[in-house]
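The structure under discussion appears below in the form of structure tokens.
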Amino acid sequence: MGACNTFSNMKSLNLDSIRESLIRQEDTIIFSLIERSQFPMNSPVYTPALASTLPSSKSLLHFIVNQSETIQSQAGRYESPEEHPFFPDNLPSSLLPQYNHPQILHPTAAAININKTIWDVYVKQLLPLFTAEGDDGNYVPTATSDLQCLQAISRRIHYGKFVAEVKYLDAPEDYAPAIRAQDRDALMKLLTFESVEEMLKRRVEKKAKVFAQEVSLNVVDQKEKYKIDPSLLPLLYGEWIMPLTKLVEVEYLLKRLD
Ligand SMILES: C=C(O[C@@H]1C=C(C(=O)O)C=C[C@H]1O)C(=O)O
């Protein structure tokens, strides 16, 4: 049986099960980056000029994400504590019967949403790293690939809330004084596991070597080629995805005793 990506109940929530989910989410993130990388940068997708006749005049990406979130919100996506919209203002309510999502997180945590930062980091820092320069006019497939990447990365980073809850429950006596003192540095130190981070960086590079490898039947063509450079994965995780996950962890813990 494959590793499960969600929590069905409180009992299944421990640091091992959360890390298993984060490991499975690596696959989703790597595949979504590979899909996006088949298109060049297509920079008109991210600027207002192309979007001036659309209801979201900021950019085509803004329009596609906003409209997709509207549909998905009506279908109940944001009822789950694992999901965070990029444009939470004025989202319609779910039209579906309520699913009984386990209430694991401390109530004040619901408000933590760092998607603005994730959006900026993705568009300004990550995209240029793994897409070729250029414009091939495939704007809608490009923006829908971006939506997949953004949702996968956001879900992973906001999992920091669950990580933080479990770490707190495992050692409240260690965390409580730092929370009471609102000491960000002490919390960051407590929640950081360098060996886990180092293993993760090695694993995502290895996964990218497998997932992004060009498959050829031509035995003469021995040299391995990749759809995205595998060494980008430890960079993306080390510079942005893990630090932002830890930021969510700290933000969560700061509110854990409210
Ligand atoms: C997520 C965790 O917390 C921290 C963040 C990590 C990450 O984002 O992958 C890894 C190890 C920790 O430093 C964890 O402990 O698993």
Side-chain angles (χ1 to χ4, degrees), residues 3-7 10-33 80-84 102 104-106 109-110 112-122 125-126 129-130 149-176 178-179 183-209 211 230-256:
C4 197
N5 223 340
T6 55
F7 309 120
M10 187 70 193
K11 266 206 322 236
S12 67
L13 191 75
N14 56 57
L15 204 46
D16 287 344
S17 68
I18 290 179
R19 285 181 174 153
E20 229 175 79
S21 174
L22 292 177
I23 290 170
R24 177 61 185 84
Q25 290 181 55
E26 292 162 8
D27 304 6
T28 312
I29 290 174
I30 297 169
F31 282 123
S32 66
L33 298 176
S80 162
E82 297 171 35
E83 297 290 343
H84 299 78
I104 289 162
L105 300 177
H106 194 63
I112 299 168
N113 180 336
I114 65 158
N115 274 340
K116 270 200 182 78
T117 307
I118 294 174
W119 180 283
D120 279 350
V121 162
Y122 176 76
Q125 325 246 28
L126 309 193
L129 284 177
F130 70 92
C149 292
L150 283 166
Q151 286 184 330
I153 293 170
S154 168
R155 182 182 174 84
R156 191 286 174 197
I157 288 172
H158 287 100
Y159 250 58
K161 295 184 186 183
F162 294 96
V163 179
E165 176 64 18
V166 167
K167 286 180 180 170
Y168 173 77
L169 291 179
D170 280 350
E173 65 288 357
D174 293 341
Y175 282 94
I179 295 171
D183 186 340
R184 289 176 165 271
D185 293 343
L187 289 171
M188 188 61 92
K189 226 168 153 183
L190 281 169
L191 62 82
T192 295
F193 288 77
E194 269 163 26
S195 62
V196 174
E197 296 188 18
E198 285 314 308
M199 257 168 36
L200 180 147
K201 285 196 262 181
R202 283 173 39 216
R203 187 174 55 243
V204 289
E205 180 161 12
K206 188 170 177 185
K207 283 184 178 184
K209 281 187 173 159
F211 303 161
S231 71
L232 281 178
L233 267 299
L235 180 71
L236 299 192
Y237 266 86
E239 296 292 315
W240 294 286
I241 298 179
M242 290 198 288
L244 290 174
T245 305
K246 294 204 285 184
L247 174 66
V248 168
E249 290 184 57
V250 170
E251 293 298 331
Y252 180 91
L253 288 165
L254 287 171
K255 295 186 165 62
R256 182 58 181 75

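In listed order, ligands and their atoms are each counted from 1. Just so it is clear, the values below take in all heavy atoms, side chains as well, and ignore hydrogens, waters and symmetry mates.
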If the cut-off is 4.0 Å to any non-hydrogen atom of Thr192, which atoms of ligand 1 fall inside it?
13 (O)
I'd like to check whether Phe193 has a polar contact with ligand 1, where a contact means an N/O of the residue lying under 3.5 Å from an N/O of the ligand.
yes
Atom indices of ligand 1, in the order listed, that fall short of 4.0 Å to a heavy atom of Thr245
8 (O)
In ligand 1, the atoms that come under 4.0 Å of a heavy atom of Leu200 are 9 (O)
Closer than 3.5 angstrom, by distance alone: can the side chain of Thr192 be matched with the main-chain N or O of Lys189 as a donor-acceptor pair?
no
Atom 1 (C) of ligand 1 has as its nearest protein heavy atom Glu249 OE2, 3.6 Å
For atom 16 (O) of ligand 1, grab the closest protein heavy atom and report residue, atom and distance to one decimal in Å.
Arg19 NE, 2.7 Å
Would a distance-only check, ignoring hydrogens and angles, find a side-chain to backbone donor-acceptor pair under 3.5 Å from Lys207 to Glu26?
no
So, do Leu33 and Leu236 sit near enough that their side-chain heavy atoms are less than 4.5 Å apart?
yes
Atom 9 (O) of ligand 1 has as its nearest protein heavy atom Arg156 NH2, 2.8 Å
Can you name the atoms of ligand 1, numbered from 1 with element, that are less than 4.0 Å from a heavy atom of Leu191?
3 (O), 4 (C), 12 (C), 13 (O)
Under a 3.5 Å threshold, yes or no: a donor from one side chain and an acceptor from the other, between Thr245 and Glu249?
no
Should the ring pair His84 and His158 be called parallel, tilted or perpendicular, given that the plane angle runs from 0 to 90° and is split at 30 and 60?
parallel
Can any side-chain N or O of Asn14 pair as donor or acceptor with the backbone N or O of Ser17 at less than 3.5 Å?
yes
With sequence neighbours excluded, what pairs up with Phe193 under the ring-ring contact (aromatic ring centres under 6.0 Å, His included) test?
none
Ligand 1 N/O within reach of Lys246 N/O, cut-off under 3.5 Å
no
Do me a favour and list the nearest non-hydrogen protein atom to atom 13 (O) of ligand 1 with residue, atom name and distance?
Glu197 OE2, 2.5 Å
So, Lys161 side chain and Ile112 main chain: donor-acceptor pair closer than 3.5 Å or not?
yes
Examine ligand 1 and decide if any of its atoms is less than 4.0 Å from a heavy atom belonging to Glu194.
no
